[in-house]
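Below, read A as the first sequence line, B as the second, and so on, with proteins coming before strands; counting in each chain starts at 1. All values derive from a computational prediction rather than experimental measurement.
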Amino acid sequence: MISSLLDSLRGLKSFPRGVHPPHRKKYAEAAPIQMFLPTEQLLIPFVQHIGAPCEPIVKPRQQVAYGELIADAATPMAAPIHAPIAGTTAMGSMALLPSGRRVPAIPITPATEGEVLPPDFLARFLGGDYEKFEPTSVDPDEICQKIRACGVVGLGGATFPTHIKLKRNPEKPIDTLIVNGCECEPYLTSDHRLMLESPLAVVIGGQLAAHACGASRVIIAIEANKPDAIEAIRKAAEGRPGVEVAVCATKYPMGGERQLVPAVLGRTIPSAPRGLPLDVGVVMVNCGTAHSIARAIVLDAPLTHRVVTLTGGGIARPGNWLVPLGTRLGELLEKAGGGLTDEAVKVLGGGPMMGPTIPNLDVPVVKGIGGITVMTEAETARWQESPCIRCSRCVDNCPLHLSPTSIAHAVKFRDWDLAARFDMNACCECGCCSYVCPAQIPLAQYIRAGKNQARMMAAQNK
Amino acid sequence: MSEAPAGTGPGGAAPDVVKTQELFVSAAPHLAAGRSTRWIMFQVVAALMPLLIASTVFYGFRAILLTVFTVAGCLVAEAIANAIRGRSQASLGDGSAVVTGMILAFSLPPALNFYMAVIGGAVAISLAKAIFGGLGHNLFNPAMVGRAFLMVCFPAAMGVWSEPAIVFEGMALAAVDGVTMATPLQAAVDRMPGLAAMFVGQVGGSLGETSALAALLGGLYLVLRGVADWRPVVGTLAGAMIVAFIAHWAAPQTYEGPGFHLFAGAMMFGAFFIATDYVGAPITPAGRWIFGFGVGGLVMVIRLFGAYPEGFMFAILIMNAMTPLIERVTVPTPFGGHVVTN
């Protein structure tokens with residue numbers, strides 16, 4: 001309550017309720033992005049987006065060049081996949097994703113002769129010749145086509161195909177594009193480093209996305225705990241009409257669309273699962289996505305690499321790395337991160353508020369993974385559920401104004417009608433309720449399970 | 001990476017590979033604010049300390065003993081209930097029985113027999129809490145149920161109100177006849193103590209009623225720490241003030257003004273410590289306002305028109321009974337409106 005008051009006194013953009021978890025960005029926020037070159041075999045999953053799985057285009061034991069198209073789907077609701085390095089494919093197999101899904105994949109063994117990647121790859125990834133580029137010089141439809149061809153998806157974690165998001169819809173005109181650089185998850189610093197080290201590409205990407213969807217305004221939203229990134233983006237945005245920087249309160253879940261859109265524009269998105277930002281004239285893209293859009297349009301570069309934060313008390317050398325997609329997590333953690341420490345107990349695909357635990361380090365790095373948080377016993381919470389004392393902290397902190405304990409109660413008794421009366425499906429699973437619960441009831445976990453079960457029940461009854 | 005042989009366990013790393021160790025798998029989130037039920041309960045105990053000190057100053061060491069006996073009654077009943085239900089005795093340490101015992105003690109007359117205090121505590125836990133399923137499951141505030149039980153069984157002893165042993169210079173009340181005066185609130189109508197005297201604690205009453213100042217200090221601490229919700233506090237005080245104002249405006253000769261009622265009796269103690277009890281109150285924001293206004297209004301109605309001089313006990317019990325209904329009509333609307341189906 002008091003920190004929210006201070007935020008509004010400082011004039012920061014904010015939303016009601018939400019929580020203030022410890023930032024713990026210190027681990028990696030000062031570490032510049034470095035290039036990681038794997039020497040082991042890569043495993044490229046054919047599903048790295050929401051939508052239809054891709055079909056392989058290359059054959060086993062075939063030479064592939066950097067950036068070569070290796071898988072695509074016939075439907076629009078998909079994003080093709082490119083070879084992140086030069087090498088030789090092997091027999092198709094299955095990959096376990098950080099989310100726990102098992103999907104078809106193809107291994108690529110890095111080439112031993114010649115260049116695996118174009119020279120100065122990191123410098124060109126962060127730099128790039130954007131100064132003279134005019135975002136409005138490209139046709140909006142062409143932007144969308146190129147974005148699809150380059151396999152760009154939402155890099156904030158949702159991996160929704162970006163070209164679908166940006167496609168103009170005459171019934172739902174868009175006036176504002178928000179570039180989400182909040183990075184409200186504790187620990188993670190990859191977006192922070194990207195905005196700091198490659199600000200111009202983020203700004204140009206935002207302008208290109210705005211031009212594609214018809215928005216006249218670009219707002220780049222950054223939390224107040226990244227003053228250097230705010231400065232860098234402000235400088236890059238200088239003299240560019242319609243581009244603004246919004247400094248947001250450091251609060252979780254600031255980067256959620258249902259929190260960020262009201263915070264910076266004062267518009268309320270209708271509840272999930274129906275309501276979307278485009279219902280209120282807004283499209284929101286992650287700053288990493290904006291960066292990929294700029295690279296796709298200006299440099300014709302497909303999405304083959306992404307910045308991954310290795311962080312947490314359970315990793316020997318925290319840092320930020322530019323990693324080829326498909327790199328085995330174990331190799332990355334060992335060679336870039338110096339391996340896990342003795343205290344490490346949990347490896348998370350993402351941050352500690354929403355990231356799933358990774359049971360097995362053989363998973364590949366995929367488009368949706370912005371960080372790997374390795375937590376120690378002391379850093380993580382052990383949940384020992386005790387009775388609800390009806391303190392209403394979950395209700396008072398829910399950013400969507402739900403009653404989490406009531407929903408969790410309904411889920412425990414599998415009473416889906418009751419759960420629906422408390423608007424279970426409006427939940428965004430941000431985890432604020434579990435975070436504040438003094439009885440350590442895993443409320444968000446119950447609600448997530450309930451949403452899945454109710455969906456399955458509904459599908460069976462059809 | 002070579003697989004670690006089965007049974008190697010944590011630390012059994014093969015050379016040249018990421019250390020093979022046991023990794024925990026659990027659903028997000030993986031962080032917790034770390035404020036446990038136990039932390040909350042002992043914050044309440046800490047916030048009750050000014051009242052315990054004030055009542056010890058005014059009524060002597062007996063105030064502490066009375067508190068010890070009610071708490072003991074609560075803990076023994078909790079332990080027996082745990083044993084009967086085949087549960088661990090962990091709940092003794094969660095502090096909830098201690099809080100119930102202290103709230104009960106502070107609502108009792110200082111001169112009460114100790115054995116009655118033990119009975120009150122035991123009834124509070126056994127009849128109001130344990131038989132409903134323990135912590136978090138009680139419908140009614142256990143301390144208030146314990147007090148109601150004592151009022152029914154020992155009406156005479158529950159009606160004896162001692163005068164504070166220490167009277168500050170300049171705040172002395174008119175001469176009073178002994179320790180068996182009617183009740184402070186009724187007597188007050190006749191001799192009308194100054195508001196300052198009531199605020200500091202110069203008027204007889206239960207342990208928690210005596211000093212509005214001590215209750216306010218502890219209560220503000222709870223609200224600022226985020227332990228007690230401010231909405232039922234403000235609701236209770238506002239609800240009471242509204243009824244008191246209307247009554248005073250309609251018949252100023254018969255009814256004291258809102259200022260008197262704000263500091264008289266258990267108003268401060270009740271608003272900060274009893275109306276903010278989590279379990280029996282609604283969890284919805286609107287429901288907490290309704291609950292507070294209801295408690296405050298009922299307290300005043302009972303004070304002004306009822307047979308009892310103080311109304312907190314019945315006001316809380318009545319509003320506890322209303323809680324399921326209040327929650328039913330105050331289901332929160334999600335930030336983006338209710339979920340649209342079909």
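- Of all residues in residues 34-41 of chain B, those placing a non-hydrogen atom less than 4.5 angstrom from a non-hydrogen atom of chain A are R35(B), S36(B), T37(B), I40(B).
- For the set V374(A), V19(A), T380(A), N360(A), the entry with the most heavy-atom pairs within less than 4.5 Å of chain B is T380(A).
- Of the two parts of I358(A), only the backbone, made up of N, CA, C and O, holds a non-hydrogen atom closer than 4.5 Å to a non-hydrogen atom of chain B.
- Counting heavy-atom pairs closer than 4.5 Å to chain B, the top-ranked of the candidates L348(A), V436(A), N425(A) is L348(A).
- The parts of C391(A) that come within reach of chain B are both its backbone and its side chain, each placing non-hydrogen atoms under 4.5 angstrom from that chain.
- M353(A) touches chain B through backbone and side chain together, each having a heavy atom under 4.5 Å away.
- Between L402(A) and P332(B), every side-chain heavy-atom pair lies at or beyond the 4.5 Å cut-off.
- Judged by distance alone, the side chain of D423(A) and the main-chain N or O of P334(B) form no donor-acceptor pair under 3.5 Å.
- Listed for the H30(B) side chain is a donor-acceptor partner under 3.5 Å among the backbone atoms of G355(A).
- Between P21(A) and L31(B), the shortest heavy-atom distance links the atoms CB-CD1, 4.2 Å.
- When heavy atoms are compared at a cutoff of 4.5 Å, P399(A) approaches chain B solely by way of its backbone atoms N, CA, C and O.
- Of the atoms belonging to S96(B), not a single heavy atom falls under 4.5 Å from chain A.
- Using a 4.0 Å cut-off between a side-chain N of Lys or Arg and a carboxylate O of Asp or Glu, R288(B) and D396(A) do not qualify as a salt bridge.
- Side-chain atoms of S271(A) never come within 3.5 Å of backbone atoms of V339(B) as a donor-acceptor pair (strictly under, hydrogens ignored).
- The side-chain heavy atoms of L135(B) and I389(A), taken from C-beta on, include a pair separated by under 4.5 Å.
- At a 4.5 Å heavy-atom cutoff, the contact between E379(A) and chain B is made by backbone atoms alone.
- With rounding to the nearest 0.5 Å, the separation of CG in L400(A) from CZ in F335(B) is 8.0 Å.
- Open room surrounds CZ on R328(B); 12 or fewer heavy atoms of other groups in view lie less than 6.0 Å from it.
- Contacts of A90(B) with chain A are absent, with no heavy-atom separation under 4.5 Å from either backbone or side chain.
- Using a 4.5 Å heavy-atom threshold, the side chains of I283(B) and T405(A) count as touching.
- The backbone N or O of G280(B) sits nowhere less than 3.5 Å from a side-chain atom of R390(A) that would complete a donor-acceptor pair.
- In terms of heavy-atom proximity, P359(A) sits nearest to V25(B) at CB-CG2, 3.7 Å.
- Both the backbone and the side chain of R421(A) have a heavy atom closer than 4.5 Å to some heavy atom of chain B.
- Only the backbone of A272(A) has a heavy atom closer than 4.5 Å to any heavy atom of chain B.
- Neither the backbone nor the side chain of R267(A) comes within contact range of chain B; no heavy atom of the residue lies under 4.5 Å from a heavy atom of that chain.
- For T357(A) (side chain) and S26(B) (main-chain N/O), a donor-acceptor pair under 3.5 Å exists by modelled atom type.
- Other residues, nucleotides and ligands place more than 12 heavy atoms under 6.0 Å from the NE2 atom of H401(A).
- Looking at T330(B), there are no atoms closer than 4.5 Å to chain A (heavy atoms on both sides), in backbone or side chain.
- Between chain A and the options H137(B), H338(B), E327(B), heavy-atom pairs under 4.5 Å are most frequent for H338(B).
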